[in-house]
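In this chain, numbering begins with 1 at the start of the sequence shown. Both counts, for ligands and for their atoms, begin at 1 and track the order of listing. Everything quoted here is computed from the prediction, not taken from an experiment.
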Amino acid sequence: MNIITHALIGWTIAQRLSPSKRDIALITASSILPDVDGIGIVADFWQSGGSETIWFTTFHHYLGHNIFFGVALAIVAFFWGQHKFTTALAALGVFHLHLVCDFIGSRGPEGELWAIHYLYPLLPHWELSWAGQWEINAWPNLVLTILTLFFTFKQARDQGFSPLWYLSTRADAAFVATLRTRFPLPTTS
Ligand SMILES: [Zn+2]
């Protein structure tokens, strides 16, 4: 799936697991970071203008999509998190959810299957793939993105902060205020 969907999934789950903004950032990052192994696309554009994807295809779904990377994310989350065990377990959980999402919905535009090399680099040729994998821009991915976007907006209104908070608390406050004006919080009687 695309990185925006992974980010929204991680954020939506993290909001429910911890009240700590730092923990939420760590859990969300664990949902996104497996895709840093796709950074080779930048080198491909640099070298060939994007006509070849040698770096991308060599490393994407390898370096960041294996259990060892997931454990590394969990260790970082444990040391940096405020609620250490919850954050580490959640990081490992959303990392695996990322793999599941890629496993079911990351088929390439040419119809090629994306396999997960879960035990890379220990067993580099052992891979997990599913013949029913749908394309990365297929409708289930779109529905999931819209749903998680809806939950992200709802949580921003309900909790009083959004991902913008990490960039600018003022912009975040303005965003939440706008949301609450258009969609007022339910009144408790
Ligand atoms: Zn991925």
Side-chain angles (χ1 to χ4, degrees), residues 1-17 23-47 50 52-78 80-81 87-152 163 166:
M1 288 183 187
N2 78 55
I3 199 162
I4 303 290
T5 314
H6 289 307
L8 290 169
I9 291 171
W11 176 264
T12 305
I13 292 172
Q15 284 267 337
R16 306 210 164 259
L17 295 181
D23 294 353
I24 290 170
L26 286 165
I27 297 165
T28 306
S30 300
S31 182
I32 300 168
L33 282 174
D35 279 348
V36 294
D37 64 13
I39 199 84
I41 196 87
V42 177
D44 288 324
F45 267 97
W46 182 264
Q47 285 184 341
E52 291 180 343
T53 54
I54 296 165
W55 288 91
F56 183 72
T57 46
T58 304
F59 295 115
H60 190 40
H61 282 199
Y62 286 89
L63 294 184
H65 293 70
N66 61 74
I67 179 61
F68 306 106
F69 190 80
V71 169
L73 289 174
I75 291 170
V76 170
F78 182 84
W80 277 3
T87 310
L89 278 176
L92 199 59
V94 296
F95 164 79
H96 279 93
L97 191 56
H98 179 123
L99 297 194
V100 170
C101 288
D102 281 357
F103 179 78
I104 60 173
S106 284
R107 190 183 283 267
E110 311 290 327
E112 66 273 28
L113 273 179
W114 269 116
I116 304 291
H117 302 265
Y118 188 68
L119 295 175
Y120 181 90
L122 199 63
L123 295 174
H125 302 298
W126 189 78
E127 60 179 40
L128 294 163
S129 65
W130 176 45
Q133 185 181 68
W134 57 78
E135 286 190 13
I136 196 160
N137 56 358
W139 69 264
N141 292 11
L142 190 65
V143 168
L144 187 59
T145 307
I146 292 168
L147 264 178
T148 48
L149 200 57
F150 167 78
F151 283 122
T152 298
Y166 297 91

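Heavy-atom minimum distance, Ser30 versus Pro34: O-CD, 3.3 Å.
Contact annotation: the side chain of His98 approaches that of Asp35 to within less than 4.5 Å [non-hydrogen atoms, C-beta and beyond]. In this structure the side chain of Ile104 reaches within 4.5 angstrom of the side chain of Trp130, judged on heavy atoms.
Counting backbone and side-chain atoms alike, His6 contributes no N/O/S atom closer than 2.8 Å to the Zn ion (ligand 1). Not a single N/O/S atom of Cys101, whether from backbone or side chain, sits less than 2.8 Å from the Zn ion (ligand 1).
Among the heteroatoms counted here (N, O or S) of Asp35, OD1 is the one nearest to the Zn ion (ligand 1). For Asp102, the N, O or S atom with the smallest separation from the Zn ion (ligand 1) is OD2.
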Going through the distances and angles, do His96 and Tyr118 end up as a side-chain contact (heavy atoms from CB on, under 4.5 Å)? CA-CA 10 Å; His96 279 93; Tyr118 188 68; 2.7 Å; yes
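Angle NE2(His98) to the Zn ion (ligand 1) to NE2(His65), rounded to 10°: 100°.
Interatomic distance, CG of Leu123 versus NE2 of His117, reported as 12.0 Å (0.5 Å rounding).
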